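The next block holds one structure in the form of structure tokens; read it before the comments.
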Amino acid sequence: MATNEIIQDIDAVVGETLLTEKEIQQRVAELGQQITQDFAGIATSEKPLIVLGVLKGVLFFLADLMREIDVPNEIHFIDISAAKSSNGHYQDLPNYLEQAINNRHVLFVEDIVDAGLTLSYVSRILYQGNPESVSVCTLLSKEANRIMDVDIRYTGFEIEPVYVIGYGLDFKEQFRNLRYIGVLKK
Ligand code: IMP
């Protein structure tokens with residue numbers, strides 16, 4: 001299938017529902033409460049929690065999670081594809097971000113951690129900005145596929161190593177707008 005081919009038949013692509021909208025929202029609320037508890041008194045209006053997401057998959061999760069976090073916070077995004085140089089290596093953190101995270105507590109939010117490559121690369125570049133701490137929160141984790149040693153503080157759901165779509169996650173850039181998470185048909 002060509003990358004830009006328009007996929008019209010959703011039933012041909014999306015198989016079983018792995019997580020319903022209700023299950024996702026419930027878990028997101030729990031994660032938000034946990035994060036609120038953990039950062040109460042630590043994140044302040046002088047020093048808000050930096051909530052940082054990687055585009056584009058984290059879009060809906062981050063929007064929902066932020067609204068469940070009840071400590072002062074700021075939102076920032078990294079576009080990993082834009083941050084990659086032509087030789088495939090990640091470039092330095094953008095200057096504004098380096099300044100934003102300096103001496104601050106960072107909550108790094110991921111849609112899904114699979115092999116852990118993205119997370120370990122981003123963690124490495126984040127430390128260039130001298131944050132006070134970095135805590136990782138992922139909606140989904142496929143631990144069975146992990147090849148990098150990553151430290152995840154908050155996990156929404158541990159899932160089997162299947163390809164999933166919806167709630168921000170795409171197949172050929174489509175299906176991000178599904179309210180649930182489904183398994184891609186083979
Ligand atoms: P990792 O670097 O191997 O951990 O992969 C993480 C990235 O791969 C995620 O941020 C997604 O962009 C993508 N990815 C991995 N598994 C899936 C999936 O099941 N559905 C959609 N995207 C995925």
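What you see is a predicted model; the values in this text were computed from it and never measured. Read the numbers this way: they start at 1 and go in the same order the structure lists the ligands and their atoms. What's counted below: heavy atoms across the whole structure, side chains too, no hydrogens, waters or symmetry copies.
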From CA spacing to verdict: side chain to side chain donor-acceptor pair (under 3.5 Å), Ser133, Arg104: CA-CA 7 Å; Ser133 71; Arg104 302 283 281 275; over 6 Å; no
Would you tabulate the polar-atom pairs, meaning N/O of ligand 1 against N/O of the protein, with distances under 3.5 Å, reported to 0.1 Å?
unit_1	atom_1	unit_2	atom_2	d
ligand 1	2 (O)	Leu117	N	3.3
ligand 1	2 (O)	Thr118	N	2.8
ligand 1	2 (O)	Thr118	OG1	2.6
ligand 1	3 (O)	Ala115	N	2.9
ligand 1	4 (O)	Asp114	N	2.8
ligand 1	4 (O)	Ala115	N	3.2
ligand 1	4 (O)	Gly116	N	2.7
ligand 1	10 (O)	Asp111	OD1	3.2
ligand 1	16 (N)	Lys142	NZ	3.2
ligand 1	19 (O)	Lys142	NZ	2.9
ligand 1	19 (O)	Val164	N	2.9
ligand 1	20 (N)	Val164	O	2.7
ligand 1	22 (N)	Tyr163	OH	3.4

Positive for side chain to side chain contact (heavy atoms under 4.5 Å, CB included) with Phe61, one of Leu31, Leu140, Ile112, Ile24: Leu31
Minimal non-hydrogen separation, Val58 against Glu110, with atom names: CG2-C, 3.8 Å
Glu30, CD: over 12 other non-hydrogen atoms inside 6.0 angstrom: yes
Asp38 and Gln34 side chains, donor-acceptor separation under 3.5 Å: yes
Side chains of Asn177 and Tyr167, donor plus acceptor under 3.5 Å: no
